Amino acid sequence: MTDELTAWQPRLQSLASAACGDDGAHDINHLHRVWRNAQALLASHPEADALAVMAACYLHDLVNLPKNHPERSMASRRSAELARRELAAIGFPAAQLDAVAHAIETHSFSAALPPHTIEAKLVQDADRLDALGAVGLARLFYIAGQMGSALAHPDDPLAAHRERDDRAYALDHIEVKLAKLPGMMQTAAGRALGTARLAQLITFRTAFAQEWAL
């Protein structure tokens, strides 16, 4: 990393850590992983403002509402507003605040806001990559447990003869949402990584259903 990134990272981590609650799927380790994902994507996009990307990666969950909260779709906008205030208070470059706020506001799947800058596209892809692969699978079941969802439908885990319902059955979430993410990635690098990580989930889903039926 550049000297500027190295200097700002601990300050951003401090802001993020102060806002982290007891949600193990959205803790400081999630933020570290999102930033690592973004660094991998930045290698293909040297034109992007890496400091704005790093700030958005660490601060995108400053306001973290549960998946089933009625105002969930507003969380990213509130995070962006709070991040702007917090960053301004610690002397973050004013010229980069808009880029950070836009990336935070548009990262959210539930908000459904389109990213218009390369920085926002990178942050959205980086966050969604953490919902895929082995860690994404662990986060899926962790969140499902918080929401009181069952692991899978007792008789039809792959939803061959029913409508999928990922609020009721955790396994359904793979097809309801996660399988769509690679195709929604904003960058070619994000799509490639997302496709590889989704393959792990599909393999797991097949194996799970086979064991479930024993």
Side-chain angles (χ1 to χ4, degrees), residues 16 20-42 53-54 56-69 72-76 79-80 103-115 119-152 159 164-208:
C20 284
D22 58 358
D23 181 353
H26 297 89
D27 58 5
I28 192 66
N29 295 303
H30 164 64
L31 305 179
H32 288 320
R33 291 191 303 271
V34 172
W35 169 230
R36 285 198 298 271
N37 290 339
Q39 288 176 282
L41 300 177
L42 277 163
V53 170
M54 182 171 71
C57 286
Y58 275 108
L59 304 182
H60 72 275
D61 283 336
L62 282 182
V63 177
N64 178 34
L65 299 177
K67 296 289 185 183
N68 56 356
H69 193 284
R72 169 71 181 178
S73 64
M74 296 296 297
S76 65
S79 291
I104 292 174
E105 186 172 9
T106 60
H107 88 275
S108 170
F109 186 93
S110 57
L113 297 171
E119 292 79 17
K121 292 176 180 180
L122 292 172
V123 173
Q124 186 182 100
D125 281 6
D127 184 54
R128 292 181 180 185
L129 283 170
D130 203 46
L132 298 167
V135 171
L137 183 64
R139 295 178 71 222
L140 183 165
F141 284 103
Y142 179 94
I143 293 169
Q146 288 181 317
M147 295 172 59
S149 304
L151 293 179
R164 292 186 177 91
D165 180 359
D166 63 343
R167 294 297 180 96
Y169 309 113
L171 193 68
D172 284 11
H173 192 62
I174 293 175
E175 288 296 328
V176 169
K177 177 182 176 182
L178 303 185
K180 301 174 183 177
L181 294 184
M184 298 172 68
M185 294 292 180
Q186 301 290 329
T187 66
R191 284 189 292 276
L193 287 171
T195 298
R197 292 189 184 189
L198 175 60
Q200 298 178 48
L201 299 187
I202 299 303
T203 298
F204 168 83
R205 181 173 175 266
T206 301
F208 180 99

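Nothing fancy with the numbering, it's 1 onward along the sequence. From a predicted model like this one, the values you see are computed outputs, not experimental measurements.
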pair M147-I143: side-chain heavy atoms closer than 4.5 Å: yes

Please state whether the rings of H107 and H60 are parallel, tilted or perpendicular, taking 30° and 60° as the class boundaries. perpendicular

Main chain of P114, side chain of T106: is a donor-acceptor contact present, judged purely on distance under 3.5 Å? no

OG-CG distance between S149 and L171, expressed to the nearest 0.5 angstrom: 11.5 Å

Closest non-hydrogen atom pair, V53 against A38: CG1-CB, 3.8 Å

Indicate the atoms forming the closest heavy-atom contact of L140 with A170, along with that distance. CD2-O, 3.5 Å

Can you spot which of R33, H32, R36 makes a side chain to side chain donor-acceptor pair (under 3.5 Å) with D130? R33

Looking only at atom types and distance, does a side-chain atom of E119 sit under 3.5 Å from a main-chain N or O of A103, one as donor and one as acceptor? no

If you apply the rule side chain to side chain contact (heavy atoms under 4.5 Å, CB included), what do you find for I104 with V123, and how did you get there? CA-CA 8 Å; I104 292 174; V123 173; over 6 Å; no

Between atom CE of M54 and atom CG of L42, what is the distance when rounded to the nearest 0.5 Å? 10.5 Å

Spacing of L113 atom CG and Q124 atom CD [to the nearest 0.5 Å]: 9.5 Å

Does M185 offer a backbone N or O that forms a donor-acceptor pair with the side chain of D125 under 3.5 Å? no

Nearest heavy atoms of P115 and A120, plus distance in Å: CB-CB, 3.6 Å

So does L129 get a backbone contact from the side chain of R197, meaning a donor-acceptor N/O pair under 3.5 Å? yes

Rounded to the nearest 0.5 angstrom, the CD-CD1 distance for Q200 and I174 is 11.5 Å

Determine the interplanar angle of the H26 and H30 rings, folded into 0 to 90°, and report it as parallel if under 30°, tilted if 30 to 60°, perpendicular if over 60°. perpendicular

For A152 and F208, work out which heavy atoms get closest and say how close. CB-CE2, 3.6 Å

What distance separates R205 CZ from L137 CG, expressed to the nearest 0.5 Å? 12.5 Å

Side chain D166, main chain V176, donor-acceptor under 3.5 Å: no

